[in-house]
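Worksheet: one structure, shown below.
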Amino acid sequence: MCDIIIQTNVLAVKMLTGKICRFGKGAVVKMISYVTESMSIMDKLGILSDAAKYDVACTSSGVDRKGNGKDMGNCAAGGICHSFSADGRCISLLKILFTNQCIYDCKYCINRKSNDVPRAAFTPDEVCELTMNFYKRNYIEGLFLSSGILHSPDYTMELIYQTLYKLRYQYHFQGYIHVKGIPGADPMLIQKTGYLADRMSINLELPTADGLRKLAPNKHRKNILAPMRQIQLGIQQGKDELMIYRKAPNFVPAGQSTQMIIGATPETDYQIMSVAQGLYDNFSLKRVFYSAYVGINEDKELPALTTATPLLREHRLYQADWLLRFYHFKAEELLSEKRPNFNVLLDPKCDWALQHLEQFPVEVNRADYQTLLRVPGIGVKSAQRICGARRSARLTFEDLKKLGVVLKRALYFITCSGKMMYRTKIEEDYITRNLLYQHERLPFDRDGMTYKQLTLFDDAQENVPLFATGGGR
């Protein structure tokens, strides 16, 4: 790290004195906006936490609150984000880039080398100190560390490895660490880092190889998939060793994930979901994240800066992804080449049910678990509860409501003891019209609640994050 800092300082002095400093093969190096050595750690934190906001592996959130002089502590928003564990707990992570300097010129990236933005880089000790200080103050429970490509993939991955090694063995930090692997780095560095991290992720960047060639010519699909495969095999080998040696080192115990940008290239939802399904099936990924493209760079290959960010499309993709992972759907069941995009007005599970009305209504007192999962308004937990509760009694609609079934959607697709909740036509237009109405013309139930289409605000009231909500809730 020291040689980069020295180069940066020499460059700044020569540029300020009217001289041009050249490194490498005669390429002119532009002066960065901030000289790394002279910046405070809080200045770096401000730059590098803001630079990490486009990585959606965990949702950004935070608030600034100054101390009042009599109570203990204060709150700094910089770098703090919220993620969610497998059991639904919300955990706070320090989310930062190691550096936003980058040798690549990806057209969609705010940190591309051709952009004139403030640049900064941490040292391994600075990341460790930040993590420990935030952790001791109970601001965070772990670290999310990504990075631009500084000097080379190997050089950057070595710095990340040094950071994690110091955190684990010098600072004795045993909290959660999610780290981004650098495509093209030495496999040995990926391997060593995997024994120190809880989760690793390699960003796919764009859904198809054609999109990658068009917008990120310095990156290659082969270089991205190779470390993905390495991590997959390492995880499986670690599990096999644990079966034999109980004290075998854990390799990426929380699994691996990836991220792809949606809307920067013209792929259909069907193509995107087919890629996601392939990643789950062939690379055993824990999670695929979808990042709606935000227009930040002017380029003829990109959508116009005035193009709206496709947030609703992103939301539908997350819901469909939930169906792939937990509801045993396949991409070809949800979409096809003839029908390549989701209906943005309906969640994918409702949309699928409307296309397959011949399978409904379902009798909840007899249907098997897999069939129940395909009913709109019945999620994994409510399906499990139904299977358990009906062993001792026949269920009614009132029982289903207590078990967590969302009756405002499910009532069109189920019967209890052979009867529907209301007189309902099993017709696509009729059900679609009722689902889309904000206030349906249906009788009030005992709580005075009417049935209406699910909204984003309904999802926000659930005990799961908005990005993780699926079609079955």
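Index from 1, following the sequence.
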query: Can you list the residues that meet the salt bridge (Lys or Arg N to Asp or Glu O under 4.0 Å) rule with Arg374, with sequence neighbours excluded?
result: Glu333
- prompt: Can you name the side-chain hydrogen bond (donor to acceptor under 3.5 Å, both in side chains) partners of Thr265, sequence neighbours left out?
  reply: Glu267
Output yes when a side-chain donor or acceptor of [X] lies under 3.5 Å from a complementary backbone atom of [Y], and no otherwise.
X	Y	answer
Asp347	Cys350	yes
Gln230	Pro187	yes
Asn133	Glu129	yes
Ser284	Gln232	no
Asn343	Leu345	yes
Asn218	Asp105	yes
Ser147	Leu97	no
Thr307	Pro303	no
Lys349	Ile378	yes
Thr432	Asp429	no

field: CZ (Arg137) with more than 12 external heavy atoms under 6.0 Å
entry: no
task: May I ask you to check whether over 12 heavy atoms, not counting those of Glu337, lie within 6.0 Å of atom CD?
output: no
Nearest-0.5 Å distance that lies between atom [atom1] in [X] and atom [atom2] in [Y]:
X	Y	atom1	atom2	answer
Leu354	Tyr412	CG	OH	10.5 Å
Ile149	Met157	CD1	CE	10.0 Å
Leu150	Ile160	CG	CD1	10.0 Å
Arg119	Lys113	CZ	NZ	11.0 Å
Tyr293	Leu302	OH	CG	4.0 Å
Gln271	Leu335	CD	CG	11.0 Å

query: Pick from Arg316, Arg313, Arg339: which one makes a side chain to side chain donor-acceptor pair (under 3.5 Å) with Asp269?
result: Arg313
- request: Decide yes or no on side-chain hydrogen bond (donor to acceptor under 3.5 Å, both in side chains) for Asn297 and Asn115, but give the supporting numbers first.
  value: CA-CA 9 Å; Asn297 294 327; Asn115 274 1; 2.9 Å; yes
Show the nearest heavy-atom pair for residues [X] and [Y], with the distance to one decimal.
X	Y	value
Ala197	Pro253	O-CD, 3.5 Å
Gln101	Ala121	NE2-CB, 3.7 Å
Ile202	Ile224	CG2-O, 3.6 Å
Ala292	Leu311	CB-CD2, 4.1 Å
Pro227	Pro183	CG-CA, 4.4 Å
Ala264	Leu206	CB-CD2, 4.3 Å

task: Take Tyr318 and Tyr290, measure what ring-ring contact (aromatic ring centres under 6.0 Å, His included) needs, and give me the verdict at the end.
output: CA-CA 7 Å; Tyr318 273 122; Tyr290 308 91; 5.3 Å; yes
query: Can Asp125 and Thr163 be said to form a side-chain contact (heavy atoms from CB on, under 4.5 Å), step by step?
result: CA-CA 7 Å; Asp125 281 321; Thr163 302; over 6 Å; no
field: Worked verdict on Ile177 versus Leu196 for side-chain contact (heavy atoms from CB on, under 4.5 Å)
entry: CA-CA 8 Å; Ile177 297 178; Leu196 301 172; over 6 Å; no
- request: Kindly indicate whether a cation-pi arrangement holds for Lys192 with Tyr161, taking the cut-offs as under 6.0 Å to the six-membered ring centre and within 45° of the axis.
  value: yes
query: Within 45° of the axis and under 6.0 Å from the centre of the six-membered ring of Tyr171, does NZ or CZ of Arg168 qualify?
result: no
Do [X] and [Y] touch side chain to side chain, with heavy atoms closer than 4.5 Å?
X	Y	answer
Leu285	Thr258	yes
Phe134	Leu45	yes
Leu225	Arg221	yes
Phe173	Thr131	yes
Arg199	Lys286	yes
Ile110	Arg112	no
Ile96	Leu143	yes
Tyr104	Lys219	yes

message: Between Lys107 and Glu301, does any side-chain N to carboxylate O distance fall below 4.0 Å?
response: no
message: Salt bridge or not between Arg325 and Asp321? Use side-chain N to carboxylate O under 4.0 Å.
response: yes
- prompt: Looking at Tyr280, Trp352, Trp322, which one forms a ring-ring contact (aromatic ring centres under 6.0 Å, His included) with Phe329?
  reply: Trp352
- prompt: Taking it one step at a time, do Met260 and Leu212 satisfy side-chain contact (heavy atoms from CB on, under 4.5 Å)?
  reply: CA-CA 11 Å; Met260 62 177 90; Leu212 201 65; over 6 Å; no
- request: Please step through side-chain contact (heavy atoms from CB on, under 4.5 Å) for the pair Gln277 and Glu332, ending with a clear verdict.
  value: CA-CA 10 Å; Gln277 183 176 299; Glu332 58 269 20; 3.7 Å; yes
Aromatic rings [X] and [Y]: how do their planes relate, parallel, tilted or perpendicular, breaks at 30° and 60°?
X	Y	answer
Phe251	Tyr195	perpendicular
His178	Tyr176	perpendicular
His151	Tyr155	perpendicular

query: So, Glu205 and Tyr108: side-chain donor and acceptor under 3.5 Å apart, yes or no?
result: yes
